[in-house]
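As C-alpha cells, the structure follows; a few thoughts come after it.
Here is the naming used below: chain letters follow the sequence lines, and residue numbers restart at 1 for every chain.
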Amino acid sequence: MVKRLKRNFFTQITLKVAKEMLGKYIVHKIGKKKIIGKIVETEAYIGPRDKASHAYLGKKTSRNKAEYLIGGHIYIYLVYGMYWQLNISTGEERRPECVLIRATEPISRDKNKIPKIANGPGKLCRFLKISEKHYGLDVCKSDKIWLEDRGEKIKLSAIIATPRIGIDYAGPYWSKIKWRFYIKNNKFISRY
DNA sequence: GTACAGATTGAG
DNA sequence: TCAATCTGTACT
C-alpha cells in the first residue's frame, strides 16, 4: 500500500525523521514520466546548535532560508560550485533543521546496469533531475515531487549510525556525532 | 568588487 | 588516496 508522506511526518523531531526516511521513496514526476528512488542514506542537521549546519547560531541567509521552513520543504544548494545537495526541512517553522538525502536506490530504470547512479548527494540530484528550480518546494503539496511510504519497514537493527561526512571543520564533537544513517548491507549508499 | 570555502567526485 | 573544479556567499 502506497501512502504519501504528509506534514505530520516531517514535523517530528529531526533525528526520527532522518531514520524513518530510510526505505521511503522519493518521486519526481516530469510530464508523464516518473523518476523514483528509494532513500537508503540520510544525515540530520539540527539548527543553531549544530556546528556543521549552515544555520549554526541561528545564521540566516538567502541560501539557507528554506531550512527554516516548516517540515516538508526542499532545501537544495550547491557545493564545490557544481554539486547539488538535496535536503528536506524538518520540524516546526523557524526551526532550522533538515535531513540531507545522501543516496537513493534507483527504481525507475534497470538498476543492475547503473548501480552507482545515485550513490552520492551530487549524483542523486542528477539522477532525480532536481535542481535549484525546486528550491523551497513543498513536498506535501507539490504534484511534481513527493515522498511515498510503500509499506516497507526498516528494522531498527538494520539502521547503521555513523559520523557525518565531510564536516571535519565542525570540531571534534560535532564531526564525531553519529547523525548519518543508512540501511545495512545496502549496495547503493555512498560510502562503506 | 573579490577572495574563498566547500555536506564531492572520479581518476590514478 | 588526492587534487581538480567553480559558483554562491560573505566579506572588504
Side-chain angles (χ1 to χ4, degrees), chain A residues 10 13-22 24 26 37-69 71-91 95-106 111 113-137 139 145 147 159-183 186-192:
Chain A
F10 299 102
I13 60 167
T14 301
L15 289 176
K16 195 172 176 204
V17 178
K19 275 183 263 189
E20 297 208 344
M21 218 181 259
L22 297 174
K24 301 290 188 287
I26 183 163
K38 178 172 149 187
I39 298 169
V40 296
E41 186 179 349
T42 62
E43 281 181 21
Y45 286 86
I46 301 190
R49 66 199 173 89
D50 182 356
K51 209 170 175 185
S53 163
H54 292 147
Y56 179 53
L57 297 179
K59 211 162 58 166
K60 192 171 183 181
T61 64
S62 54
R63 174 172 71 159
N64 72 3
K65 65 184 179 211
E67 205 177 351
Y68 286 79
L69 299 172
H73 287 82
I74 288 180
Y75 166 38
I76 190 167
Y77 78 96
L78 204 57
V79 280
Y80 304 116
M82 49 182 122
Y83 300 115
W84 292 100
Q85 306 281 356
L86 176 62
N87 301 254
I88 311 266
S89 68
T90 56
R95 289 254 199 93
E97 304 183 7
C98 66
V99 172
L100 164 68
I101 300 176
R102 287 188 54 87
T104 65
E105 178 179 331
K111 57 184 170 189
K113 278 187 184 162
I114 43 168
K116 291 182 176 166
I117 201 165
N119 64 332
K123 292 163 144 184
L124 180 146
C125 292
R126 210 188 307 161
F127 165 72
L128 288 172
K129 295 210 166 56
I130 292 178
S131 69
E132 80 281 4
K133 280 185 297 226
H134 308 288
Y135 188 93
L137 202 79
V139 299
I145 299 174
L147 273 74
I159 296 177
I160 311 288
T162 69
R164 292 173 290 176
I165 307 275
I167 53 158
D168 295 339
Y169 65 88
Y173 178 73
W174 291 108
S175 60
K176 283 201 184 98
I177 200 163
K178 293 183 174 176
W179 282 357
R180 169 176 175 245
F181 305 101
Y182 63 87
I183 299 177
N186 189 286
K187 293 184 182 61
F188 299 92
I189 62 170
S190 57
R191 296 187 193 186
Y192 291 92

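Across all strands shown, A/Arg164 has no heavy atoms under 4.0 Å from either base or sugar-phosphate atoms. Among the protein residues, A/Leu100 comes within range of the nucleic acid bases, having at least one heavy atom under 4.0 Å from a base atom.
A distance cut-off of 5.5 Å between ring centres, combined with a plane angle under 30°, leaves A/Tyr77 outside any stacking arrangement with the base of C/dG8.
Exactly one residue among A/Lys178, A/Arg164, A/Arg102 makes a salt bridge (Lys or Arg N to Asp or Glu O under 4.0 Å) with A/Glu43. That residue is A/Arg102.
In this model, the phosphate group of B/dA7 is not approached by any side-chain N or O of A/Arg180 to a distance below 4.0 Å at OP1 or OP2. Contact annotation: A/Arg126 side-chain N/O to B/dT8 OP1/OP2 distance is not under 4.0 Å. Residue A/Ser190 has no polar side-chain atom (N or O) positioned under 4.0 Å from OP1 or OP2 of B/dT8.
The aromatic rings of A/Tyr75 and A/Tyr77 lie parallel to each other, with less than 30° between the two planes, well short of the 60° mark.
Judged by distance alone, the side chain of A/Ser89 and the main-chain N or O of A/His73 form a donor-acceptor pair under 3.5 Å.
One can place CD1 of A/Ile167 at 10 Å from P of B/dT8, the figure rounded to the nearest angstrom.
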DNA chain B in dot-bracket, Watson-Crick or G-U pairs under 3.5 Å, [ ] crossing, | other strand? ||||||.||||.
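Comparing C/dT9, B/dT8, C/dT7 by their nearest atom to the side chain of A/Leu78 picks out C/dT7.
Between A/Met21 and A/Ile88, some side-chain heavy-atom pair lies under the 4.5 Å cut-off.
Taking the centre and axis of the six-membered ring of A/Phe188, the NZ or CZ atom of A/Lys38 falls outside the cone set by 45° and 6.0 Å.
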